[in-house]
Amino acid sequence: MDFAKGLPRRSILQAGLVAAGASAFVPTRFAIGNTAKVKVGFLLPYTGTYAGLGEAITNGFKLAIEERGGKLGGRDIQFVAVDDESNPAKGPENTSKLVSGENVDFVVGPVHSGVALGMVKVVRETGTIAVIANAGAGAATGPLCAPNIFRTSFTNWQTAYPMGKVAVERGLKNVVTISWKYAAGEEALSGFEAGFTKAGGKVVKQILVPFPSDEFQANLTEIAALKPDGVFTFFAGAGALKFVKDYAAAGLKSIPLMGPGFLTDGVLKAQGEAAEGVLTTLHYADALDTPENKSFRAAYAKAFGKEADVYAVQGYDSAQLLVQGMAAVKGDTSAKPALIEAMEKSVIKSPRGTFTLSKAHNPVQDIYLRQVKGGQEIVLGVAEKGLADPATGCKMA
Ligand code: BEZ
């Protein structure tokens, strides 16, 4: 039997030294680990409809690390990246490439909820600490929650539920909902519907299209025929860009368009006039007038020559979470219970506003109401203050 199988890489290294008779000085496991680089594995999309999101998360993460001295717990960092292609079928395999193939200390990602479910399956088995930097699948901090799984982004429910009440307050009673047919879209639509029906509204039709299709013409024709008071939608990345443009081109702009802020975040400039009036709820807005947001946005623009968005913020905050955890254990990744405890207690001074984590390891955060006016994302107010996901089914071991 290979006794080293399943041991952490550093244990294997130490075992090797002892077996080779390096008897004069056998460093402790931490002494060896402390000099090695910390390995951070990005499980993110670098191709396809969510490619821009993966890049923004990576940039945001690296920016936060650079600003904090380029280390984690005093140790240098080695980054390894796997393009997850937003392909749920490859989620477990791509996670294993990082966890078993590369022996990473941390997995950061993914964007796509379906990929997240595959990743969660693997890290629940290996115990590798994962920081979900976008994917909003409720199950990851619900029935599949675990001590080693953290999220710095949102649940799909969190970004959609608050819009239900807003829609009714704006006199929208009959609404059509439309999204891609996968966990993120379905959870966002059902989150909206829960808030909307509670406030007295009615969803007259739910339309689901395959991911990542951006052929919306037939659906837009159907919406025009239904003549709803409003349309609620979840799309993100290149799909969001296309949907908003097609919606305007189909002559539907007289029907208010709503959704989680992914509908415009990162693609607003490219959407141009078509995005005018779009109403969204999200845990971030470019225009937040706080010192943290202003300095973050300026530093991001300087470093990468482009505007930051919500995905960059989530990458930035994922790094902040690891910085705080690793500082508490002075870089000793083998002190896992202490590392996890420090991460649980983190207070993240985010560009979105300061947030903490719930017992299920998901942000408790304000959800802003935003609207595009004159080509800018304007903050109309806070739709829900300190919103926590219900985390139904989460039982921490
Ligand atoms: C998701 O799959 O969870 C997701 C993807 C893009 C934006 C927001 C959520």
Side-chain angles (χ1 to χ4, degrees), residues 42-58 60 83-91 94-95 108-120 130-142 144 149-163 178-192 208-214 232-244 258-268 280-285 309-315 317-318 352 362-363 365 367-368 370 389:
F42 291 122
L43 179 71
L44 288 167
Y46 296 106
T47 52
T49 198
Y50 287 160
L53 288 60
E55 183 196 324
I57 290 169
T58 308
D83 178 7
D84 69 28
E85 303 167 39
S86 295
N87 185 344
K90 291 189 187 167
N94 281 331
T95 308
V108 175
V111 162
H112 187 289
S113 277
V115 176
L117 296 175
M119 178 198 77
V120 159
V131 179
I132 301 175
N134 184 75
T141 50
L144 298 176
I149 298 170
F150 290 82
R151 175 151 47 201
T152 52
S153 51
F154 55 87
T155 61
N156 297 313
W157 176 90
Q158 267 182 317
T159 60
Y161 179 81
M163 187 61 95
I178 174 165
S179 187
W180 282 311
K181 185 172 171 47
Y182 85 95
E186 290 172 293
E187 289 177 7
L189 298 196
S190 72
F192 167 76
L208 294 172
V209 298
F211 176 85
S213 166
D214 62 1
F232 179 90
T233 183
F234 166 90
F235 288 109
L241 167 58
K242 177 84 169 17
F243 184 82
V244 168
M258 302 165 277
F262 313 112
L263 194 54
T264 52
D265 245 75
V267 286
L268 182 59
T280 56
T281 37
L282 199 66
H283 51 292
Y284 177 66
D309 55 22
V310 68
Y311 311 106
V313 170
Q314 292 164 180
D317 293 342
S318 299
R352 75 185 86 169
N362 191 67
Q365 55 194 341
I367 304 294
Y368 303 99
R370 312 130 28 110
D389 183 87

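Whatever order the structure lists ligands and atoms in, that order sets their numbers, starting from 1. Values below: all heavy atoms of this structure, side chains included; hydrogens, waters and symmetry mates excluded.
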Do [X] side-chain atoms and [Y] backbone N/O form a donor-acceptor pair below 3.5 Å?
X      : Y      : value
Trp157 : Glu187 : no
Asn156 : Ala188 : no
Asp265 : Asp309 : no
Arg370 : Tyr284 : yes
Gln314 : Arg151 : no

Show which atoms of ligand 1 fall inside a sub-4.0 Å distance from at least one heavy-atom site of [X].
X      : result
His112 : 2 (O)
Gly136 : 3 (O)
Tyr182 : 1 (C), 2 (O), 4 (C), 5 (C)
Asn134 : 4 (C), 5 (C), 6 (C), 7 (C), 8 (C), 9 (C)
Val111 : 1 (C), 2 (O), 3 (O), 4 (C), 5 (C), 6 (C)
Ala236 : 6 (C), 7 (C)
Ala135 : 3 (O)

Show your working on ring-ring contact (aromatic ring centres under 6.0 Å, His included) between Phe211 and Tyr50 and close with a plain yes or no. CA-CA 11 Å; Phe211 176 85; Tyr50 287 160; 5.4 Å; yes
Per-residue contact class, Phe154 against ligand 1 - non-hydrogen pairs under 4.0 Å: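 Answer for Phe154: side chain.
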Report the part of Ser113 in contact with ligand 1, treating N, CA, C, O as backbone and CB onward as side chain, heavy atoms under 4.0 Å; options are side chain, backbone, both, neither.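 For Ser113, backbone and side-chain atoms both sit under 4.0 Å from ligand 1.
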Can an N or O of Ala137 be found at a distance shorter than 3.5 Å from an N or O of ligand 1? no
Indicate whether any N or O donor in one side chain lies under 3.5 Å from an N or O acceptor in the other, for Thr155 and Asp389. yes
